[in-house]
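Take a look at the structure set out below.
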Amino acid sequence: MYKPLKTRLIVLAAVLSCTVAGVAAAADVKPRLIRFGYGLNDESVQGRAARYLAQELEKISGGKLKMKTFGSANLGSDEQMQGALAGGAQEMMVGSTAPLAGMVKEFGVFDLPFLFNSEKEADAVLDGQLGQDLLKKLEAKGLVGLVYWENGFRNMTNSKRPIVRAEDMQGIKLRVMQNQIALGVFNTLGANAVPMPFSELFTALETRTVDGQENPITTIQSSKFYEVQPYLTITRHVYTPWVVLASKKWWDKLSPDEQRLVRQAAEASRDFERKDSRADSLKAMGTLEQAGMKINTVSPEEVARMREKVQPVVDKYTQELGPDLIQQLNTEISKARN
Ligand code: TK8
């Protein structure tokens, strides 16, 4: 169909300006240096995923977005880094949800014991409505929550004895992550719970300031806790997620294109990390056994007893965190379970 020349020119101009705008937008990426901190050492699951994230970001930004990674809490403990991000003194980090509960109390849901049965259920909740809603709540605290990585199902180690029954925890000085729910859970199980940042943990175990701790076997291996902890008890009592965070002050200064690239790299790192964590977890048991740890698994009957024991703590925090939230959580878990 014939169109007047003027119309054709207008169409041409529109097409051209779109293309130019498109190129300009895609190029709206400035050279930046991003400091990314984490608590475990470079040989850990966390270290590998941090390096992957840095490489991915550099690749997709054509070398403009450079990330320098700092492991072993060299930029501070999880809590200290959270503060640095909120204040705008550091750009990015990854850390556990437990200390985040100090900023957004609802993150405490992940410290409720015996919630998830499998990684699949955890993924569904974290990547689903509830997990994403929690990330949004961080913005009001100066943090941008990007994705969840897997820290994993936690198990207990100690230097006193194998934990076969809940009673065996009696009197064990057990380092726990820094929040009220973790404290309540382990004190109720009979231990003497001592909240402490992860960065101080190895020394505390070595000097016997505490008798035990709890973490996923991947961490027990990479942090070499087997050197100072003879007993490992498989309890899988809690699944802890890690959250990749950005400083909101910094984030708000990024162009939409830069934000998109950081998000994209973070998502790729999530998929890499979860796969790596699960593969590493399968290998870690053998390594820990070879390293001489005495390993036992609590029986399902004993898990049921432990569950019963901690029910008052669960009830208390269901009220405190909001019965609706817990209801939503349980609904999302049972959907993933069936
Ligand atoms: C590392 C911690 C760690 C966590 C803990 O910074 O504190 O025990 O499991 O992964 O976030």
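Numbering of ligands and ligand atoms starts at 1, following listing order.
- Ligand-side atoms of ligand 1 in range of Trp242: 10 (O), 11 (O), range being under 4.0 angstrom from any heavy atom.
- A donor-acceptor contact closer than 3.5 angstrom links the side chains of Tyr239 and Glu150.
- Remark: distances from the non-hydrogen atoms of Arg154 to ligand 1 include one below 4.0 Å.
- Ligand 1 has Arg175 within reach: a non-hydrogen atom of the residue lies less than 4.0 Å from it.
- A side-chain contact (heavy atoms from CB on, under 4.5 Å) with Ile217 is found for one member of Leu282, Thr157, Thr287, Leu232 and no other, namely Leu232.
- A side-chain donor-acceptor contact under 3.5 Å links Asn296 and Thr233.
- Of all the heavy atoms of Leu201, none lies under 4.0 Å from any atom of ligand 1, so neither backbone nor side chain is involved.
- For the side-chain contact (heavy atoms from CB on, under 4.5 Å) with Asp211, the qualifying choice from Lys160, Arg175, Arg161 is Lys160, the only one to do so.
- Considering only non-hydrogen protein atoms, atom 2 (C) of ligand 1 sits nearest to Asp78 OD2, 3.6 Å.
- Salt-bridge formation is not detected for the pair Arg48/Asp42: no Lys NZ or Arg NE/NH1/NH2 atom is positioned less than 4.0 Å from an Asp or Glu carboxylate oxygen.
- Looking only at atom types and distance, the side chain of Gln213 has a donor-acceptor partner in the side chain of Asn215 under 3.5 Å away.
- For ligand 1, the polar-atom distance check finds no N/O of Glu214 at less than 3.5 Å from any of the ligand's N/O atoms.
- The atoms of ligand 1 that sit less than 4.0 Å from any heavy atom of Met177 are 4 (C), 5 (C), 7 (O), 8 (O).
- Closest protein heavy atom to atom 9 (O) of ligand 1: Asn215 OD1, 2.6 Å.
- Side chains of Asp315 and Gln311: a donor-acceptor N/O pair is present below 3.5 angstrom, by distance only.
- Considering backbone and side-chain atoms together, Ser96 places an N or O closer than 3.5 Å to an N or O of ligand 1.
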